[in-house]
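Every number for a ligand or one of its atoms is a count from 1 in the order of the listing.
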Amino acid sequence: MHPIAKSLSPSEIQTVAGYYASLTAPKAEEPKPLNDGDIALGKALADNGNWSSGLPACGQCHGPSGQGVGKSFPRLAGQGYSYLLNQLKAWKSGNRSNDPLNLMTGVVSKLDDKQMNAVAAYFASLPTTPQPGGKP
Ligand code: HEC
């Protein structure tokens with residue numbers, strides 16, 4: 001960068017800076033802000049499931065606090081909110097469908113949008129702890 005910057009005259013620098021300053025960057029998609037209510041609902045669903053809709057607790061497969069179990073049940077704790085939510089939406093829309101035995105396809109069929117948002121918010125809020133015997 002240094003040799004390039006050195007070869008520009010002061011007026012060229014102003015022209016280039018003015019050009020970049022005039023560009024408008026596309027606005028990044030803003031993730032919905034997380035709130036405590038979402039997280040509390042997410043924790044309840046994750047720990048207990050939802051008896052009335054037949055939703056199993058996420059922890060039954062993903063382990064306590066979503067820390068993951070073996071190679072088959074991925075860790076959810078500490079993954080990004082948008083990533084988690086997008087995976088759930090992808091299963092719901094059929095865009096992600098390679099899960100073993102359609103386990104997750106069954107799970108999302110029992111979640112509405114508010115609940116998907118809540119469990120994503122909850123797991124994203126959790127710290128990651130290394131699994132015993134796992135790689136650091
Ligand atoms: C019956 C077992 C089971 C239950 C209950 C379950 N899951 Fe899963 N889940 C899986 C399996 C198996 C995978 C791995 C699927 C794959 O690799 O395609 C998975 C993957 C995921 C992923 C993708 C993770 C990644 O890294 O891409 C998310 C997100 C997820 N589950 C969320 C949840 C949530 C939220 C709940 C509770 C509402 C839940 N799961 C309940 C079995 C389950």
Participant: Can you tell me the protein heavy atom closest to atom 16 (C) of ligand 1 and the distance?
Facilitator: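 It is Arg96 NH2, 3.5 Å.
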Participant: Is the number of heavy atoms from other residues, nucleotides or ligands under 6.0 Å of Asn102 CG greater than 12?
Facilitator: yes
Participant: May I ask which of Leu111, Leu84, Val119 has a heavy atom nearer to atom 29 (C) of ligand 1 than the others do?
Facilitator: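 Considering heavy atoms of Leu111, Leu84, Val119, the nearest to atom 29 (C) of ligand 1 sits in Leu84.
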Participant: Measure the spacing between CZ of Phe123 and CG of Leu88 and express it to the nearest 0.5 Å.
Facilitator: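 Atom-to-atom, Phe123:CZ and Leu88:CG are 9.5 Å apart.
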Participant: The criterion is side-chain contact (heavy atoms from CB on, under 4.5 Å); which residues satisfy it with Ser125, sequence neighbours excluded?
Facilitator: Ile39, Tyr122
Participant: Group every Ile, Leu, Val, Met, Phe, Trp and Tyr by side-chain heavy-atom contacts under 4.5 Å, then state whether Leu101 and Val69 land in the same group.
Facilitator: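 Result: yes, single cluster for both.
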Participant: For the side chain of Gln14 and the backbone of Pro10, is there at least one donor-acceptor N/O pair under 3.5 Å apart?
Facilitator: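 Looks like no, no N/O pair under 3.5 Å.
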Participant: At a 4.0 Å threshold, what atoms of ligand 1 neighbour a non-hydrogen atom of Ala57?
Facilitator: 5 (C)
Participant: How far is atom 26 (O) of ligand 1 from the closest protein heavy atom, and which atom is that?
Facilitator: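 Going atom by atom, the protein heavy atom closest to atom 26 (O) of ligand 1 ends up being Gln79 NE2, 3.0 Å.
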Participant: Kindly say whether Met104 contributes a backbone atom to a donor-acceptor pair with the side chain of Asp99 at under 3.5 angstrom?
Facilitator: yes
Participant: Going by the order shown, which atoms of ligand 1 are within less than 4.0 Å of some heavy atom of Asn98?
Facilitator: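 By the 4.0 Å cutoff, the relevant atoms are 18 (O).
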Participant: Take atom NZ of Lys110 as the centre, draw a 6.0 Å sphere, and report whether it contains more than 12 heavy atoms from other residues, nucleotides or ligands.
Facilitator: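 Count over threshold, so yes.
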Participant: Considering only protein heavy atoms, which is closest to atom 23 (C) of ligand 1, and at what distance to one decimal place?
Facilitator: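 Going by distance alone, atom 23 (C) of ligand 1 is nearest to Trp91 CH2, 3.6 Å.
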Participant: Side-chain donor-acceptor contacts of residues 49-58 below 3.5 Å, not counting sequence neighbours, with atom names and distances?
Facilitator:
| residue | atom | partner | partner atom | Å |
| --- | --- | --- | --- | --- |
| Asn50 | OD1 | Ser52 | N | 3.4 |
| Asn50 | OD1 | Ser52 | OG | 3.1 |

Participant: How far is atom 27 (O) of ligand 1 from its nearest protein heavy atom, and which residue and atom is that?
Facilitator: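 Answer for atom 27 (O) of ligand 1: Tyr83 OH, 2.6 Å.
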Participant: Looking at ligand 1, would Ala46 count as a contact under a 4.0 Å heavy-atom criterion?
Facilitator: no
Participant: For ligand 1, which atoms sit closer than 4.0 Å to a heavy atom of Pro56?
Facilitator: 5 (C)
Participant: For Lys114, which residues count as a side-chain contact (heavy atoms from CB on, under 4.5 Å) partner, sequence neighbours excluded?
Facilitator: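 Residues passing side-chain contact (heavy atoms from CB on, under 4.5 Å) with Lys114: Leu41, Asp112.
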Participant: Do you know how many protein N, O or S atoms are within a distance smaller than 2.8 Å of atom 8 (Fe) of ligand 1?
Facilitator: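 Protein N, O or S neighbours of atom 8 (Fe) of ligand 1 under 2.8 Å, waters not counted, come to 2.
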Participant: Looking only at non-hydrogen atoms, find the nearest pair between Ser65 and Ala77 and report the distance.
Facilitator: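 Taking every non-hydrogen atom into account, O-CB, 3.4 Å.
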